[in-house]
Amino acid sequence: MDSAAPTPAPRRARVRAPELIGKGGWLNTGGKDLTLADLRGRIAILDFWTFCCINCLHVLDELRELEEKHRDTVVIIGVHSPKFVHEAEHAAVVDAVERYEVHHPVLDDPELATWKQYAVRAWPTLVVIDPEGYIVAQHAGEGHAHAIARLVEELEAEHEAKGTLRRGDGPYVAPEPVASDLRFPGKALVLPSGNFLVSDSTRHQLVELAADGESVVRRIGSGERGFGPDAFSEPQGLALLPDGSVIVADTVNHALRKFDPVTGAVETVAGTGRQWWQGSPTAGPALEVDLSSPWDVAWWQGRVWIAMAGVHQLWAWDPETGTVEVAAGTTNEGLVDGPAGEAWFAQPSGLAAAGDRLWVADSETSALRYVEREGEGYAVTSAVGTGLFDFGHRDGDAGQALLQHPLGVTALPDGSVAVCDTYNHALRRFDPATGQVTTLATDLREPSDAVLAGADIVVVESARHRLTRLRLPEEAVRVDAVAHRTQRAATEVAPGTLRLDVVFQAPSGQKLDIRYGPSTRLLVSSTPPELLAEGEGAGTDLFRDLALNPDVTEGVLHVSAMAASCDDDPANEYPACHVHQQDWGVPVTVTPDGAARLPLVLAGMDG
């Protein structure tokens, strides 16, 4: 391997990075407020994220290796930029930073001030700032860790030579650890013994509790993040199989694990430990197919169904054949009903089997949906929820009721469904017989799952680190109706033709992969569908002229872009290739003075 320092890439006109501001203040700094001047001499990577977003969680994991390898030259700054109302609560951000083991400073920006200063349009977005305080790159979406690692090496060499690189400890200060039996538990089930099995997600363990829901019987797993017979990584969903074993959604390991409550043995039954990317197999031997952030599992119609949050789909694992396959969803993010192969989901995170229906908590659309047989296949129907940007707490007829990022769903004995309405801190109930949504309980801190125990329902209060037992009431608790839309300001666009440009520049040392045809893809749609008179659908160009309907003045443009690039090394017959992908939901308002061009950065150099 050539040990010579990488040749710095040429730079264009330099853009000074705006200051970091946010009314929520700073976390993981020991109480100190940071400024860009404090970061001078270091390479700063701003990670614009929000804790509801599975792609943002993927990026947190992608950055861990870079953060460790370059800890004396690189400072990662998380800029928390909320989508949901709950995510603007400072206490919720504090919880999320601990829950996902964020080991770098985080700026809590509840009003999206820094987001706007940096013209960010998507979660997640990464911005690289050089040691002199200039922006040198911006990347939207996930999968950019390789390109950023190479850029970091170039910047280290360049600024070491200039004398502008300052090595040393970063500004991260770890918070004091808190003692508790559970730490941000995710899901639970009742074992045949009557005890509870809980996924203790932040501690990377399973915990068996006695029937009282409090006394610890045993812990399964080392408690250290890992992928082996004695290790998990942020496990979530649990499903009891007919033979008494338990399937575990080992979320950050992108795998399904099988736990035997009798012997205590753990084995992997699906997944490779690698994250699924576009173009990877979607069916085949379970141990040879990559998965992507499985969040929940349920035994239904002879298979284990998987809420594959990372790719907005449902998959299924067949223990008889040892195979997995996509069961519903297209990987496009949104709310579209219909045949399973054409439906769209948005981060499905909770499953519950109930006879002929599989209920789904579709978190990013704040929706309750279900799957049922239709002819030779399956169909998806929405019971509550309308789309990515409408949420709140409103009871009543399902057509106008609102939820806020639900993570759990539980089938009740009378045929109704309990919903862990996570960001409303509530337990809700939908009755298919009446079409009504009611509230069963409030003041639950981020409920993420619930299980039946006799006449009670036991709720996983994730942010209170406990199980809470409730008696199912005969009448629902009434709450005042509240409706919200996402805080993101709408982009003003001009009527007529709108030029959509997805900006992509192959990272340094890479080129577009055109060996087998076009290496880019662009998919465009809108809500409402009438917003676009022309321009929806798929294509291979990363630009498109959209014709806006003059009769529709506001809506959301849904844009999905993908580009594949490979290492540009003529001497390497088998270069490493990388997929860059991102989905945007862009609220737009049509105004006479609006822009005629909408640029979205997938990956590019800013200076």
Side-chain angles (χ1 to χ4, degrees), residues 180-201 206-218 236-241 244 246 248 261 296-300 349-355 357-361 368 384 393 395 403 406-434 436-479:
S180 60
D181 288 332
L182 301 174
R183 206 70 193 160
F184 298 104
K187 306 287 185 181
L189 60 73
V190 179
L191 293 168
S193 65
N195 288 352
F196 294 94
L197 187 67
V198 183
S199 55
D200 197 19
S201 301
L206 308 180
V207 178
E208 183 177 346
L209 302 177
D212 62 7
E214 298 179 5
S215 306
V216 175
V217 175
R218 59 174 165 166
Q236 286 284 341
L238 306 168
L240 188 66
L241 298 189
V246 176
V248 182
D296 202 6
V297 282
W299 177 255
W300 186 58
S349 301
L351 300 174
R357 286 183 177 176
L358 178 70
W359 292 94
V360 183
L368 173 65
V384 182
H393 191 152
D395 286 338
L403 309 170
L407 291 179
V409 60
T410 308
L412 300 181
D414 65 350
S416 64
V417 184
V419 180
C420 286
D421 194 5
T422 308
Y423 287 3
N424 280 328
H425 309 301
L427 186 67
R428 313 285 292 283
R429 174 176 173 264
F430 169 66
D431 186 351
T434 63
Q436 295 293 301
V437 175
T438 54
T439 299
L440 297 177
T442 57
D443 194 32
L444 299 167
R445 190 70 185 169
E446 291 193 18
S448 56
D449 197 19
V451 294
L452 294 176
D456 297 336
I457 188 166
V458 177
V459 180
V460 179
E461 276 199 273
S462 189
R464 283 201 178 109
H465 320 293
R466 70 186 188 189
L467 303 188
T468 298
R469 186 180 296 266
L470 303 173
R471 180 57 55 94
L472 285 170
E474 295 182 3
E475 295 183 2
V477 177
R478 297 188 180 277
V479 298

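What you see is a predicted model, and the numbers here were worked out from it, not measured in a lab.
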Rounded to the nearest 0.5 Å, what separation is found between the [atom1] atom of [X] and the [atom2] atom of [Y]?
X	Y	atom1	atom2	result
Asp456	Thr468	CG	OG1	12.0 Å
Asn424	Thr439	CG	OG1	8.0 Å
His465	Phe184	NE2	CZ	4.0 Å
Asp181	Arg466	CG	CZ	13.0 Å
Arg218	Leu206	CZ	CG	9.5 Å
Thr442	Leu427	OG1	CG	10.0 Å

Where do [X] and [Y] come nearest, in terms of heavy atoms and distance?
X	Y	value
Asp449	Gly186	CB-O, 3.6 Å
Ala188	Val198	CB-CG2, 4.2 Å
Gln236	Ser201	NE2-OG, 3.3 Å
Ala426	Pro447	O-CG, 3.6 Å
Ala455	Arg471	O-CD, 3.5 Å
Ser448	Ser462	OG-CB, 3.7 Å

Ion pair check, Lys187 and Asp200, cut-off under 4.0 Å:
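No, Lys187 and Asp200 are not salt-bridged.
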Trp359 side chain to Val419 backbone, donor-acceptor under 3.5 Å: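 Such a contact is absent between Trp359 side chain and Val419 backbone.
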Notebook entry, point to check: Sub-3.5 Å donor-acceptor pair from the side chain of Asp421 to the main-chain atoms of Leu403, do we have one?
Noted result: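 No; zero donor-acceptor contacts below 3.5 Å.
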Do you know which of Leu209, Leu240, Leu189 makes side chain to side chain contact (heavy atoms under 4.5 Å, CB included) with Leu197?
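Passing option: Leu189.
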Matching residue for Phe196 among Val207, Leu238, Val451, Leu191 - test: side chain to side chain contact (heavy atoms under 4.5 Å, CB included):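 In the set Val207, Leu238, Val451, Leu191, the residue that makes a side chain to side chain contact (heavy atoms under 4.5 Å, CB included) with Phe196 is Val451.
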task: Report the residues that fulfil side-chain contact (heavy atoms from CB on, under 4.5 Å) with Ala210, sequence neighbours left out, ordered by chain and then residue number.
output: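 Checked Ala210 against side-chain contact (heavy atoms from CB on, under 4.5 Å); matches are Asn195, Asp212, Ser215, Val217.
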(message) Test of understanding: with salt bridge (charged side-chain N to carboxylate O under 4.0 Å, His left out), list the residues that count as partners of Arg464, not counting sequence neighbours.
(response)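 Testing Arg464 for salt bridge (charged side-chain N to carboxylate O under 4.0 Å, His left out), a comparison that skips the adjacent residues, returns Asp443, Glu461.
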With a 4.5 Å cut-off on side-chain heavy atoms, are [Y] and [X] touching?
X	Y	result
Leu440	Leu470	no
Glu208	Ser193	yes
Cys420	Leu407	no
Leu241	Val246	no

Is there a side chain to side chain contact (heavy atoms under 4.5 Å, CB included) between Val437 and Arg428? Walk through the geometry before answering.
CA-CA 7 Å; Val437 175; Arg428 313 285 292 283; 3.6 Å; yes
Walk me through it: do Asp414 and Arg429 pass the test salt bridge (charged side-chain N to carboxylate O under 4.0 Å, His left out)? CA-CA 11 Å; Asp414 65 350; Arg429 174 176 173 264; 3.0 Å; yes
Subject >> Pairs touching residues 188-197 that satisfy salt bridge (charged side-chain N to carboxylate O under 4.0 Å, His left out), sequence neighbours left out >> reply: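 Matches after skipping sequence neighbours: none remain.
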_For Leu412 and Leu452: C-alpha separation, side-chain torsions, deciding distance, then whether side chain to side chain contact (heavy atoms under 4.5 Å, CB included) applies._
CA-CA 8 Å; Leu412 300 181; Leu452 294 176; 3.8 Å; yes
